[in-house]
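Per chain, numbering begins at 1; letters A, B, ... match sequence-line order.
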Protein chains: 2
Amino acid sequence: MPEPGGSEAAAAPDDEALLLRLFNEIGIINQLATNAFERVMPHGLTIAQFAILNHCARLGDNKTPAQLADILQVTRGTLTSTLGRLSEKRFIRIVPDEEDGRSKRVVLTAAGRRARDAAIAAAMPILSRARDAMPRARVQDLLPALEDLRRWLDADRTS
Amino acid sequence: MPEPGGSEAAAAPDDEALLLRLFNEIGIINQLATNAFERVMPHGLTIAQFAILNHCARLGDNKTPAQLADILQVTRGTLTSTLGRLSEKRFIRIVPDEEDGRSKRVVLTAAGRRARDAAIAAAMPILSRARDAMPRARVQDLLPALEDLRRWLDADRTS
DNA sequence: CTCCTCTGGATTGATATCAAACCATTATCG
DNA sequence: CGATAATGGTTTGATATCAATCCAGAGGAG
């Protein structure tokens, strides 16, 4: 998703133009990174699919689709689709929620956990190479600012 | 496109885990920002469509689709599709290249230029609000590092 | 000049994404 | 209790994106 601005800013007050460049860079980085990771992922996993497996493996499964959609910042419709694909691959199981007839629960299978581990292993070479361009100290400088920006966007979205 | 990692890192050497978080943040920011911009764009313009109009307006039109695809970092197939939509909206015209029978040229129309200006005007309120979370100085700190990362990803991609 | 290759575009099929509309179930309120 | 509202999931239709494939025109090697 290439973001606004060919690579420079537009006819706008200086501060806004700078922000436009920021969003532009972020868009290009996201596109390049997504592509780089998906090309090495096992089982044809996409980043969206991996994100679900990784969340379940690290922070616990047995969540409802609605909870996962909130966490991953996608609509429920989007999640329905991706969960369906993971289910076909037998990486998760979707079981009805006993307490709430509307709801379901997402359960990680053993194969799903293995796929997630394999995906992380496959991504390692990219990350190791990336360290040359982005040494630890630099990432630590970047992260807090980006987290602030993300939080602001998230808050501004709903307001 | 939510990026790797629920929001934390994975079972990996520390530096790689940090980088994973970086890509994760960037993915979420991109998703939120794309959404925020597209909701206010006039004429149902998408970011991809705006990027083409903006490039033509700022850096000159009359380029071939192949050149634009390289500049915008998308495949030619993707560009074919988006150019088709812009053409339907009468924001560009696609004319045959006189010198090369295979090639075409993308020309910005007057309506296209107006749509691009209107899109920038529509994005201004978002950018102005964003300045609160991201003051000028902070953006200036971020940009060089992100540009480095983008350049590295671009170089690593082709190698 | 003729073949063979390269390059420019278009097409196809898959995935992700959103908004909007939809149905089922639960929760709330009068 | 019964009607209304809120919530959980799904579906549909649009767009963007990629890889792979395909065709047509241009360029080079004999």
Proximal nucleotide (of [options]) relative to the [X] side chain:
X: A:Thr82; options: D:dC18, D:dT10, C:dT17; value: C:dT17
X: B:Pro65; options: C:dT17, C:dG9, D:dA19; value: C:dG9
X: B:Ala66; options: C:dT17, D:dA19, C:dG8; value: C:dG8

query = Which sits closer to the 5' end of DNA chain C, B:Thr64 or A:Thr78, going by the nucleotide each is nearest to?
reply = B:Thr64

Set of side chain to side chain contact (heavy atoms under 4.5 Å, CB included) partners for A:Asn62, sequence neighbours left out = A:Arg105, A:Val107

ask   = If you measure from CG on A:Leu22 to CD1 on B:Ile29, what distance do you get to the nearest 0.5 Å?
value =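 So the CG of A:Leu22 and the CD1 of B:Ile29 are separated by 7.5 Å.
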
ask   = For the atom pair CG (A:Leu153) and CD (A:Gln73), what is the distance rounded to the nearest 0.5 Å?
value =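 Those atoms lie 9.5 Å apart.
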
Rounded to the Å, how far apart are [X] [atom1] and [N] [atom2]?
X: A:Arg85; N: D:dT10; atom1: CZ; atom2: P; answer: 13 Å
X: A:Gln49; N: D:dT17; atom1: CD; atom2: C1'; answer: 15 Å
X: B:Met41; N: D:dA16; atom1: CE; atom2: P; answer: 12 Å
X: B:His43; N: D:dT15; atom1: NE2; atom2: P; answer: 15 Å
X: B:Leu79; N: D:dA16; atom1: CG; atom2: C1'; answer: 12 Å
X: A:Ile47; N: D:dC18; atom1: CD1; atom2: C1'; answer: 13 Å
X: A:Gln67; N: D:dT7; atom1: CD; atom2: P; answer: 14 Å
X: A:Gln31; N: C:dA16; atom1: CD; atom2: P; answer: 16 Å

Exceeds 12 heavy-atom contacts within 6.0 angstrom, atom CZ of B:Arg136 = yes

key: Residue-level proximity of residues 93-107 of chain A to DNA chain C when a heavy atom falls under 4.0 Å   = A:Asp100, A:Gly101, A:Arg102

query = Quick one: is C:dA10 close enough that its OP1 or OP2 comes under 4.0 Å of any side-chain N or O from B:Arg76?
reply =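 Negative; the distance criterion is not met.
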
Sugar-phosphate only, base, or nothing, as touched by B:Thr46 at under 4.0 Å among non-hydrogen atoms = sugar-phosphate

ask   = Would you say the side-chain atoms of B:Thr78 and B:Ser81 include a donor-acceptor pair closer than 3.5 Å?
value = no

ask   = Backbone N or O of A:Leu83 within a donor-acceptor pair of the A:Ser87 side chain at under 3.5 Å?
value =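 Pair absent, no side-chain N/O of A:Ser87 close to backbone of A:Leu83.
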
ask   = Of A:Arg116, A:Lys89, A:Glu38, A:His43, which meets side chain to side chain donor-acceptor pair (under 3.5 Å) against A:Gln49?
value = A:Lys89

